Structure formats: structure tokens, C-alpha cells
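Written below as C-alpha cells is the structure these notes are about.
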Amino acid sequence: MAPSAAAALPGAATTTWSTSANAARPAPTASSQSPSRRTVPGLLVFFSLAALLILSSGDDAAAYEAATSERPLKDVSLEHPEVTFALSSIGGKFCERIRVSGIPRWQLQSYANQIHVGLNVSHSMPEKFHWKIGICFHGNVSMGLCECEAGEWQVLQDGMWNAVKSPYGSKYVDVKLADKKSTAFSLSIQEELQKWRLACLGIGFVLLFMSPIVSKWAPFYYSSSMALGILLVVLIVLFQGMKLLPMGKKSVLYLTIYGSVLGVGSYAVHYFSTLVASILENFGLSEEMHNPVSIFLVVAVVLTGAGFGYWMVRRFIISKDRSVDAGIAQFVKWAMRVVAIFFITQSTLDPILASAALAASWWVCSVLTANRVRKPMTL
């Protein structure tokens, strides 16, 4: 019996060692997964929106052909930007529909552009009859001619009508007249570049890219909190110091009007000079002390606000291990992403292209930040 028991011991020891080794092996976590696996959902969303962009690059051909089979529509486009027409009598109504054609969505050179649509009426119609003209700007080709809802009809302003549309996709202008008048209309379009939309796209991309980095970066919280603290102290000094000035109860109204006209910065400088002069006068000091007192007050305000901001960060944002609190970092990251989404959606008038730009930006940022080691910086 003893030899058999001794022979069984090595096997038992081997089983015990393998079990303990498996138990000591760390379980795979979400952070240890392959970076490419984390980018798969964003890649799928990007290609899905790209396919949607291609499929929606033009009008619904079947609906357009069915709606225009009996009566072809006049058309304006960037190649033929102007058309002159007169109203036709259809079913007892004097009406006409003009198609404003768009370009395919793969022509991204017009991403940040807009189409300005303008309608003019001939001078042969007196201005007193312009109220009889109605204009409806819509995108439903299957809707009957001049069958827009009552609230969708617009009127001429000084003999003109203007609207704005995206360069992509087509829209339609229905023009109707209450009674038969011998007059002509002119519809024209013009493409305009809006550079601020490109700036919105760039700002949105930068915010998306920086959100997972800045949200864990301690110097960002220190600098922003100090700036907010200085601004808070300046506001407190402005409102509390008004009690020393002869403006009395009108100080808040004065602040609002004066600040809106000249700007907050100009008002702050003007008010600060007035406050320093009032302090010198109350203490009986000469005007030669104006500059030293001003410098002292500025330094005191800056140091007080910066110290308050520093204390706020150390008290509520930085954890005991001198890193940014995980909950606050997560909130700041998603707050930056929400602002980035707003900027990107404002970068173009076309909602489909805006969605594609958002998906592409999100995917590119996730790929660029996937291999970064997100170690929070501490001070």
C-alpha cells in the first residue's frame, strides 16, 4: 500500500500546481483586447453610412418619372442656373413647378456650400398684386401640383423670394397665382461657400480626437479651473464694488446696457479704473498711487481666483493617487463628444453627409487613439 500511495503523490502534486497556475493567470479584460476589435463597430457604422450615401446620391428615379410622366418639369441646376417661366392653367389653377436639381453626394467639393435660390417677378405686374402670388419650397415630388399645406405657402418680399438649400439632392418650387395675370417669373440659383462650416468640421474633429486624452489630463483641469476662478472673482469684485459708486440701484441695468454696447472687456477696464479712483478718493490718497494700487488689485484678483480654482481641483477632481477622478473624466469626455457632434452636424446642410462625416471622424479618431497608452498625467 505504501508504494502505491507514494506513486500517486506526483500526479496529485502536478494537478495541484496546474490548478494554482490557472487560478493565478489573469483573466482577459476589455482593455487587453485587440485594438482592431474595438474599432470594428465604428468601421461597420462608417461603411453602412457610406453605402447609404451612395444609394441616396440622387432622387428617387421611379417617383420622379411617375410624377413627371404626363407633364415634364422645368429645371434649374448649377450648369443652367436660371430659368424664366409663366404660369399655366391646370384644373382651374394657375400654377407652375420648377425643379432645383442637386449634385451627387460623392462630389465633396461642395460639402460646406449652400445654394441660394431666388425668385423674381416681372415688373409688368404691379406691386399691389404681389400678395396674390404664393411660393412653396418642398422636396416631395409625388405631391400634387400646388397642393402644399396652408402654412407652407410664402409670399414675396419687395418683389423677391429667397431660400437656401443644400447642394445635394433636389427640391421643388411651386408658384401659384390667385387669378390669371400676364406676367413672367425668373428663378435663379447661386452656389456660395461658407467657410465657417469648414471651421466647424475641424473643431468637431479636434474635440473628438482630444476628448479621451484631455479628459484624463490633470493640467487641463488646473488651467481651466484657475481661469474660471479668476473670472468668478472678477465678477464678484465688479458687482460688490458697485456699492461704492454713485450709480445706486441702476448698477445692474447699467452693467447690462453698457456691457452689451461696448463689450464686457471694455466695461471691465472702464469700471476698474472708476473703482480704483473711488477707492483712492475715499482713503484720501493722491492720483500718483493709481498705478501701484491698480497693479496690486490685479495681482490680488488673479492670485485669489487661481488659488480658488486650484483648491477646487484638488478638492473635487483629483483623487488620492493624484490622478483625475474616473467619473469626472468620463463626464468630461462625453461632454466634449457631444459638443463635437454639434459642430460636425453644423458643417454641412445635408443631413446624410453630416452623419457620414460624423461616423468617419469618430472612426478615424478611434483608430488614432486605439494604440495610445492612456496614462493620466498628474502633478
Side-chain angles (χ1 to χ4, degrees), residues 27-60 102-115 139 165-169 191 193-221 224 323-377:
T29 60
S31 59
S32 63
Q33 294 178 356
S34 174
S36 60
R37 183 177 300 178
R38 293 196 299 266
T39 60
V40 168
L43 189 61
L44 291 177
V45 173
F46 171 69
F47 281 112
S48 300
L49 286 175
L52 177 63
L53 186 150
I54 295 174
L55 292 176
S56 61
S57 59
D59 292 328
D60 188 353
I103 61 177
R105 287 187 172 89
W106 51 265
Q107 297 184 10
L108 298 179
Q109 68 272 14
S110 299
Y111 176 85
N113 296 357
Q114 70 174 10
I115 298 296
K165 70 174 291 289
S166 167
Y168 307 98
E191 188 174 17
L193 172 63
Q194 295 183 301
K195 296 182 179 180
W196 65 270
R197 294 190 182 274
L198 294 177
C200 286
L201 180 62
I203 294 173
F205 181 84
V206 171
L207 288 176
L208 273 182
F209 177 74
M210 296 298 294
S211 59
I213 303 173
V214 173
S215 61
K216 296 184 179 181
W217 195 37
F220 165 75
Y221 294 93
S224 58
S323 62
V324 179
D325 182 76
I328 295 178
Q330 193 75 2
F331 171 78
V332 171
K333 178 176 68 174
W334 280 102
M336 293 180 65
R337 286 177 174 176
V338 169
V339 176
I341 290 173
F342 169 77
F343 275 103
I344 293 178
T345 54
Q346 297 300 313
S347 63
T348 181
L349 285 175
D350 188 75
I352 297 179
L353 269 184
S355 301
L358 176 60
S361 301
W362 199 295
W363 175 67
V364 171
C365 292
S366 64
V367 170
L368 293 177
T369 58
N371 296 325
R372 289 185 63 91
V373 180
R374 298 183 177 90
K375 293 182 179 180
M377 297 181 61

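Everything quoted here is computed from the prediction, not taken from an experiment.
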Nearest-0.5 Å distance, [atom1] of residue [X] to [atom2] of residue [Y]:
| X | Y | atom1 | atom2 | value |
| --- | --- | --- | --- | --- |
| Gln109 | Glu191 | CD | CD | 8.0 Å |
| Ile203 | Trp196 | CD1 | CH2 | 11.0 Å |
| Lys216 | Gln330 | NZ | CD | 7.5 Å |
| Asn113 | Gln194 | CG | CD | 8.0 Å |
| Cys200 | Phe205 | SG | CZ | 15.5 Å |
| Ser355 | Ile341 | OG | CD1 | 10.5 Å |

>> Ignoring hydrogens, what is the shortest heavy-atom contact between Pro167 and Ser110? Give both atom names and the distance.
In response: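 It is CG-O, 3.6 Å.
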>> Looking at every heavy atom in both Ser366 and Trp363, which two are closest together, and how far apart are they?
In response: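 Nearest heavy atoms, Ser366 then Trp363: OG-O, 2.6 Å.
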>> As a quick check of understanding, evaluate side-chain contact (heavy atoms from CB on, under 4.5 Å) for Trp362 and Ile344, giving each step before the final call.
In response: CA-CA 11 Å; Trp362 199 295; Ile344 293 178; over 6 Å; no
Hey, are the side chains of [X] and [Y] touching, using non-hydrogen atoms and a 4.5 Å cut-off?
| X | Y | answer |
| --- | --- | --- |
| Leu201 | Arg197 | no |
| Val324 | Phe220 | no |
| Ile352 | Tyr168 | no |
| Ile115 | Leu349 | no |

>> Under a 3.5 Å distance rule, please check whether Thr348 uses its side chain to pair with a backbone N or O of Tyr111 as donor and acceptor.
In response: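 Yes, Thr348 side chain to Tyr111 backbone: donor-acceptor pair under 3.5 Å.
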> If only atom types and distance count, is the side chain of Ser211 paired as donor or acceptor with the main-chain N or O of Leu208 below 3.5 Å?
Replying inline: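 Indeed, once roles are kept as given, a pair shorter than 3.5 Å links the two residues.
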